[in-house]
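Notes to accompany the following structure.
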Amino acid sequence: MTSPLSLKHCRPGPTKRSSPPGAGAQAVILPAVQREPLVDGHGRSIGDVRISVTDRCNFRCQYCMPAEGLKWLERSSVLDFEEITRVVGLLASIGVGDVRLTGGEPLVRKDFPKLAGMLAQLPGVEDLSVTTNGFLLGRDAAALVAAGVNRFNVSIDSLQQDKFYELTRRDALPQVLEGLHTLAAFPEAHPIKINAVAIRGFTEDEIPAFVDFAREFPFEVRFIEFMPLDADHAWEPEKVLSGAEILAAINAIHPLEEQPREPSATAKVYNFADGKGKIGLINPVSEPFCSDCNRIRLTAEGKLRTCLFSLHETDLREPLRSGASDDELIQIVRDAVWRKELKHHVGEPGFIQPARTMSAIGG
Ligand code: SAM
Ligand code: SF4
């Protein structure tokens with residue numbers, strides 16, 4: 001087994017971008033166009049967009065992709081950098097200033113740091129973050145930080161090499177930890193959050209190692225309840241290891257103190273009572289946080305989704321490619337967002353799992 005405890009300590013930096021990013025320092029920063037903010041039909045303000053930059057991935061996590069992979073989108077179907085930049089710029093002009101880049105695995109998209117740099121410079125983009133499996137961070141961390149990405153989530157489901165392999169179907173833990181090490185050396189990249197999907201029968205044994213990890217290193221370890229978005233349709237309620245169960249297990253090792261929840265936050269955050277480190281619990285199944293959800297999503301081929309569990313979506317690619325004006329595109333977004341689902345129905349009778357897997361949505 002690889003020791004996860006070979007990372008150097010480093011100090012957390014600021015959470016928001018305090019100055020324009022380094023990439024393209026000569027670029028002119030224009031003020032954001034002032035338009036009416038984006039709200040849904042239930043009165044929720046939308047301020048956060050998750051952009052899937054590719055449906056492809058170099059891992060095959062059991063809770064997400066099938067072992068053989070999925071049928072990838074044709075390259076011409078995927079939004080190009082200019083199209084993504086236009087959509088993000090328009091969204092930023094209506095108050096959607098938190099932008100998370102995800103996938104699939106975003107770092108497998110060719111020239112991904114270039115795209116990050118284009119988005120970081122857009123007026124109104126206040127926070128630019130990336131969710132990654134970490135495998136290519138050794139190669140790309142410096143370029144992404146230089147491009148202006150100011151927050152990173154790195155997904156690691158186990159700190160044991162064999163169990164990591166079992167779940168992701170890739171023997172990649174050493175390289176992921178190396179990538180995390182590379183990233184952690186950049187003060188601008190902090191806080192770094194570690195995402196672990198919590199699955200009954202798998203994650204219980206991981207908890208003590210993650211507790212040590214969160215206490216020793218400046219990473220918030222966050223456990224995410226397993227959701228029915230897996231390609232294998234193996235999800236069942238009994239496989240969800242709930243946040244409450246994880247909380248009890250951690251409290252038995254090192255007591256935690258709950259922190260006030262920030263508006264629209266997905267995670268409940270806890271500090272260790274002795275001040276050493278943080279744990280986050282994301283409990284979408286046992287404690288849904290739909291009532292103040294401020295998020296929308298854009299798939300790699302340009303479908304706007306207003307909920308992870310949406311059964312319908314709105315195409316932006318066709319209007320983008322057929323010459324729609326900014327105002328027309330914004331109206332399409334407003335109409336779709338107006339119909340944003342009040343809540344998800346996971347665990348309720350009649351729940352229907354979306355056809356898309358998490359990798360094809362952009363988690
Ligand atoms: N490939 C990148 C990664 O794994 O970080 C980004 C995309 S991945 C779809 C985004 C996040 O969704 C990851 O943290 C992953 O663990 C999580 N995820 C995927 N499938 C999930 C599921 N069925 N339930 C809960 N979380 C899931
Ligand atoms: Fe790939 Fe992320 Fe899905 Fe794992 S969770 S298969 S790394 S997209």
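Just so you know, ligand 1 is whichever comes first in the structure, and atom 1 is the first atom listed for that ligand.
Between the side chains of Gln331 and Asp335, at least one donor-acceptor pair of N or O atoms lies under 3.5 Å.
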Check residues 316-324 and write down every donor-acceptor pair under 3.5 Å in which the side-chain atom is one partner and the other belongs to a residue at least two apart or another chain.
| residue | atom | partner | partner atom | Å |
| --- | --- | --- | --- | --- |
| Arg317 | NH1 | Ser77 | O | 2.7 |
| Glu318 | OE2 | Ser322 | OG | 3.3 |
| Arg321 | NE | Glu83 | OE2 | 2.7 |
| Arg321 | NH1 | Ser76 | O | 2.7 |
| Arg321 | NH2 | Ser76 | O | 3.3 |
| Arg321 | NH2 | Val78 | O | 3.2 |
| Arg321 | NH2 | Glu83 | OE1 | 3.1 |
| Ser322 | OG | Glu318 | O | 2.9 |

Query raised in the report: Given Arg222 and Asp157, is the salt bridge (charged side-chain N to carboxylate O under 4.0 Å, His left out) satisfied, shown in steps?
Result: CA-CA 10 Å; Arg222 310 188 319 163; Asp157 300 306; over 6 Å; no

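Counting atoms of ligand 1 from 1 in the listed order, those under 4.0 Å from a heavy atom of Asn133 are 2 (C), 3 (C), 5 (O). For ligand 1, the atoms sitting less than 4.0 Å from at least one non-hydrogen atom of Cys64 are 20 (N), numbered in the order shown with element in parentheses. Close contacts between ligand 1 and Gly103 involve ligand atoms 7 (C), 9 (C) [criterion: under 4.0 Å to a heavy atom].
Comment: Lys276 does not engage Glu216 in a salt bridge, judged by the lack of any side-chain N to carboxylate O separation of less than 4.0 angstrom. Under 4.0 Å is where a charged nitrogen must lie from a carboxylate oxygen, and between Arg151 and Asp127 at least one such pair does. The residues Asp98 and Arg295 are annotated as not salt-bridged, no charged nitrogen and carboxylate oxygen being separated by less than 4.0 angstrom. Salt-bridge check for Lys268 with Glu287: passed, with a basic side-chain N closer than 4.0 Å to an acidic carboxylate O. Ion pair Glu313/Arg356 flagged as a salt bridge, since at least one NZ, NE, NH1 or NH2 atom sits closer than 4.0 Å to an Asp/Glu carboxylate oxygen. Taking 4.0 Å as the cut-off between side-chain N and carboxylate O, Asp292 and Arg261 count as a salt-bridged pair.
Summarising the local packing, CD of Glu74 is surrounded by 12 or fewer heavy atoms from other residues, nucleotides or ligands at distances under 6.0 Å.
When heavy-atom distances to ligand 1 are checked against a 4.0 Å cut-off, Thr132 comes that close only through its backbone atoms N, CA, C and O.
Geometrically, ligand 1 and Thr102 share no nitrogen or oxygen pair separated by less than 3.5 Å. Taking any N or O of Glu105, backbone or side chain, at least one lies under 3.5 Å from an N or O belonging to ligand 1. Where the criterion is an N or O separation shorter than 3.5 Å, residue side chain and backbone included, Phe226 fails it with respect to ligand 1. The N/O atoms of Met227, backbone and side chain alike, include one that comes under 3.5 Å of an N/O atom in ligand 1. For ligand 1, the polar-atom distance check against Tyr63 finds a nitrogen or oxygen pair separated by under 3.5 Å.
Ranking protein heavy atoms by distance to atom 19 (C) of ligand 1, first place goes to Met358 CG, 3.3 Å. Among all protein heavy atoms, the one lying closest to atom 5 (O) of ligand 1 is Ser155 OG, 2.6 Å. Considering only non-hydrogen protein atoms, atom 11 (C) of ligand 1 sits nearest to Thr131 CG2, 4.3 Å. Remark: minimum distance from atom 26 (N) of ligand 1 to any protein heavy atom is reached at Val197 CG2, 3.6 Å.
Cation-pi contact between Lys163 and Phe202: present, with separation from the ring centre below 6.0 Å and deviation from the ring axis of at most 45°.
Around atom 3 (Fe) of ligand 2, the protein contributes the following N, O or S atoms under 2.8 Å, ordered by chain and number: Cys64 SG.
Phe210 meets the ring-ring contact (aromatic ring centres under 6.0 Å, His included) test with Phe223; sequence neighbours excluded.
Among Cys61, Gly104, Gly363, the residue whose heavy atom lies closest to atom 1 (N) of ligand 1 is Gly104.
Grouped with Trp338 in one hydrophobic cluster are Val39, the linkage being side-chain heavy-atom contacts under 4.5 Å among Ile, Leu, Val, Met, Phe, Trp and Tyr residues.
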